[in-house]
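Right, one structure below, let's go through it.
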Amino acid sequence: MIKKFDKKDEESGSGSNPFQHLEKSAVLQEARIFNETPINPRRCLHILTKIIYLLNQGEHFGTTEATEAFFAMTRLFQSNDQTLRRMCYLTIKEMANISEDVIIVTSSLTKDMTGKEDVYRGPAIRALCRITDTTMLQAIERYMKQAIVDKVPSVSSSALVSSLHMVKMSYDVVKRWVNEAQEAASSDNIMVQYHALGLLYHLRKNDRLAVTKMLNKFTKSGLKSPFAYCMLIRIASKLLDETEGGHDSPLFDFIESCLRNKNEMVVYEAASAIVHMPNCTARELAPAVSVLQLFCSSPKAALRYAAVRTLNKVAMKHPSAVTACNLDLENLITDSNRSIATLAITTLLKTGSESSVDRLMKQISSFVSEISDEFKVVVVQAISALCQKYPRKHSVMMNFLSNMLRDDGGFEYKRAIVDCIISIIEENPESKETGLAHLCEFIEDCEHTVLATKILHLLGKEGPRTPQPSKYIRFIFNRVVLESEAVRAAAVSALAKFGAQNDDLLPSVLVLMQRCMMDSDDEVRDRATFYMNVLQQKQKALNAAYIFNGLSVSIPGLEKSLHQYTLEPSEKPFDMKSVPLATTPITEPKTEIAPVATSKLPEKLARSRQDIYQEQLAAIPEFQSLGPLFKSSEPVQLTEAETEYVVRCVKHTFARHMVFQFDCTNTLNDQLLQKVVVQMEPSEAYEVIHYIPAPSLPYSQPGSCYSLVRLPDDDPTAVSCTFSCTMKYLVRDCDPNTGEPDDDGYDDEYVLEDLEVTVADHIQKILKPNFGAAWDEVGDEFEKEETFALASVRTLDEAVGNIISFLGMQPCERSDKVPENKNSHVLFLAGVFRGGHDVLVRARLALADGVTMQVTVRSSEETVVDVILASVG
Amino acid sequence: MDSTSLEPSLYTVKAVFILDNDGNRLLSKYYDPELYPSMKEQKNFERNVFNKTHKADNEIAFLEGMTIVYKSSIDLFFYVVGSAQENELMLMSVLNCMFESLTHILRKNVERRCLLDNMEGVFLVVDEIIDGGVILESDPLQVLQKVNYRLMSEPAYGFVLLDYITGNLEAQTDRSQLL
């Protein structure tokens, strides 16, 4: 038979494809022979294959032609050819969405699914469930229940998997089959076991107790299927994750016991589950790491990859736990699978010593061009982490990065490199000049507008403060000549910063600006004209306000306010202070060094948390007259984590009022709460003027109630206050299963923890990129200075952290990082006080038997200065 | 990628495809409707995967946020795709099962021409291994038993009868070997 193939190949030329020149219309024409009697199974089979092949290639079938072919196909059920029948099932599944009236085959399929031919039954069930909708499901329910507990494994598996697919569509019907699924779970067949477990979990996953019970049962009885074991491990680790407790539970013991399973798949799943658990101790990790270590020398590439990828994860949090594997990882750095080699090297970079860095970097640069962009990003992130660990190695890294920057690569990859260089520059002042030089070279030939503008912005910020600012001007002005509008505009802004900072460069910058005023683009011309005029004034305050420290308002907020202003014409000029301030984005520490899934969606303009709150609050009529939202605090927990009701509070500050938003969750499934309010008793002259209750709080659905409080007008220094809070509500007991409440209820209350309002709630963080300029701009009209001794504080780091969190202000000029081995430090803080007054704080700290602190406060308003000093004291 | 463990679910396989040595699609199934919903995105993805994998037989790769296990034979490439957090060994077991089942069905002749001549068998094998993203079976012997497929050659009509007889005989011997 094989010989015959060879002969045919010679005739038609090897590599010919019998389906290559298929025409849809010709195939559909051929499908007419379905109607011939007697049926020719061989030919019909071939035509069905062609139809499925065409569908698979993405050929589009119109509804009419698809329906026609489908109806013709139904005649083939008369033939008893096995393969032909099986292909009919496949065709039904493929055409279920494109043909009309597919349900006409229901009776044929039901007959096959309950018939004597076991070969037909499983596939018939799967085809039938594919074309069944909720209403029809009732009709076949009886057969499905029987099929789930059928003795033939393929029938039972097919029924279970099809039920799982239908859970999304008709949960309520499938839920009734839970007993049958339970029975199937004790089947001897490993796949039936696995499928039954999957279905059971899916039906019960919202019921914690039932899941726990199920898990107990199966972990004790011991399953045979490795797939089912993997599933159990995932369920167990999810439960563990939700309990937030320690790991000395039977669940953890179960996962750990799976490390000794004889199937590699299960062992790996267990190791990976342990590694991914948050706050795992080194002792708990050790057994998982040692099985992964064994896998590193497996002949199977997939297993080596899985092991080293997971070790890489461990190394991010617990580098010391992985050091034991260093030798095995060393063997992998020359692995022919470059993904494995890359992961091994990046892991070693995290765990190895400073001395091995050079060698590893050399190894990796030998094949960096061969690996995919995803892994190049991993490498860059590893380097970035390394630079923080070994600052002295920055010159090696910088060289390596600049070489990578010159290679080809996608946007994500280049962005990772640029971000990494920028972070090195920020961490190590001595690497600033080389870093900037590399970036300058990069923008000479950069196709990504976003990166070019980002770098230009950085040059504008850092360049003027280097010893030789003039050398950057050339690079920046080249952009003005060569690039697109967005980049040209950014270049103009950067130039202006050089002119404002360096007096000796000012004349040349002005000449360049003059040229930019001839630009063909509006934005570039506008910027040039604006900066030109500001610079010509030669006033420090103007420079600070309009060139160094730009707008600090929230952009969506500004858009909304301006829109509102144009809707209501008035004589008054637009007031910038009425616009909510931008919240400084909290840069989250980068925890993910693993390959990042590239997002496929275009990034939406992320709205800040505050913009969302602003919108929510504005929708409540009582709060509409309060003006713009000034600040929203982080949520404060007012209950313990594991109590009947979970309440957290967000404090929203307005110009003269505060709104407390209580997010409440009812964790009792036999209660429905109604008319929920949190009553507040203030300790100071604060006045509660309004409560807005949450109308109803069903089990596990969070709801919010609000309290509106007026701030004392007569005493502006009263910034702190303590509220004692009590939650009051109407309880209606209800049936835990149906959620149906009783008719009448009773009043009840629940005491919450006290809520504090502090000075930080009145100050919004604001970043002044150039603190010195801002300091001069505010001036010393209301400057006050005082010295404090912080006796209880032992280190400068701790003192800096305390001050920042107490005042709730933004550290500027990276002054929140205290250099090592220093006895004194200066902290710069900037913020805006409620009502729109800028506040700047300079704190000089000195370490000697506790920390001594000299605080200087400047503001445009005297009371604000007093408030801050009073609250620090 | 979120670092938390993945939601326990039976939906393991995101996609399966078989390409020829020019990267053309011979068979492909996408099980997650959110992953590459359009034909153009699917073919782009396949092209990208092919370009990154056809030079070296490395068994596993990570692309576009997906874990991909693969295997090649003469002029064919077999791929199984799962999410980034998926257990790589599970994906491997699917790939191995598919490959071994097809090896049997095609009488060790795992090359493009033979595969295309027996396309219906290939469709049926894939259908028995994965159903809507759920691993239905991972044991090749079971798959072969369920598919119960006879090798077929191009229908040169004079040979149909002969083929039928020999094919049937062979299928029987084949089964007795398997069982």
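Just so it is clear: chains get the letters A, B, ... in the order the sequence lines come, proteins before strands, and each one is counted from 1. Just so it is clear, the structure is predicted and the values come from calculations on it, not from any experiment.
- Within the 4.5 angstrom heavy-atom criterion, only side-chain atoms of A:Glu94, from C-beta onward, approach chain B.
- The contact between A:Ile235 and chain B is made by backbone and side chain atoms together, counting heavy-atom distances below 4.5 Å.
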*Check the pair A:Arg309 / B:Glu88 against side chain to side chain contact (heavy atoms under 4.5 Å, CB included), numbers first and verdict last.*
CA-CA 11 Å; A:Arg309 197 168 79 103; B:Glu88 289 85 349; 3.1 Å; yes
*Can A:Tyr53 and B:Leu26 be said to form a side chain to side chain contact (heavy atoms under 4.5 Å, CB included), step by step?*
CA-CA 8 Å; A:Tyr53 185 86; B:Leu26 300 180; 4.3 Å; yes
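- Using a 4.5 Å cut-off on side-chain heavy atoms (C-beta onward), B:Glu59 and A:Arg304 make no contact.
- To the nearest 0.5 Å, atoms CZ (B:Phe62) and OG1 (A:Thr342) are separated by 12.5 Å.
- Salt bridge annotation for A:Arg234-B:Glu86: present, with a cationic side-chain nitrogen under 4.0 angstrom from a carboxylate oxygen.
- For a residue to count as touching a neighbouring chain, one of its non-hydrogen atoms must lie under 4.5 Å from one of that chain's; by this rule A:Met265 touches chain B with backbone and side chain alike.
- Under 4.0 Å is where a charged nitrogen must lie from a carboxylate oxygen, and between A:Lys50 and B:Glu120 no such pair does.
- With no hydrogens or angles considered, no side-chain donor-acceptor pair links A:His202 and B:Tyr11 at under 3.5 Å.
- For A:Ser272, no part sits under 4.5 Å from any heavy atom of chain B, backbone or side chain.
- Atom CD of A:Gln57 and atom CE of B:Met39 lie 8.5 Å apart (nearest 0.5 Å).
- Residues of residues 121-137 of chain B having a heavy atom under 4.5 Å from any heavy atom of chain A, listed by number: B:Phe123, B:Leu124, B:Asp127, B:Glu128, B:Asp131, B:Gly132, B:Val134, B:Ile135, B:Leu136, B:Glu137.
- Contacts between B:Ser38 and chain A at a heavy-atom distance below 4.5 Å are absent for every atom of the residue.
- Taking CG of B:Leu10 as the start and CG of A:Leu199 as the end, the distance is 8.0 Å to the nearest 0.5 Å.
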*Derivation of the side chain to side chain contact (heavy atoms under 4.5 Å, CB included) call for A:Asn56 and B:Lys29*: CA-CA 8 Å; A:Asn56 213 271; B:Lys29 299 286 273 169; 4.2 Å; yes
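- Every side-chain contact (heavy atoms from CB on, under 4.5 Å) that A:Ser339 has, sequence neighbours left out, goes to A:Tyr305, A:Asn337, A:Phe375.
- Residues of residues 91-100 of chain B lying under 4.5 angstrom from chain A, judged on non-hydrogen atoms, are B:Met92, B:Ser93 by number.
- Within the 4.5 angstrom heavy-atom criterion, atoms from both the backbone and the side chain of A:Arg86 approach chain B.
- Scanning for ring-ring contact (aromatic ring centres under 6.0 Å, His included) contacts around B:Tyr70 gives B:Tyr79, with sequence neighbours left out.
- For chain B, the nearby part of A:Pro123 is the side chain; its heavy atoms alone come within less than 4.5 Å.
- Contacts of A:Phe227 with chain B are made by both backbone and side-chain atoms, with heavy-atom separations under 4.5 Å.
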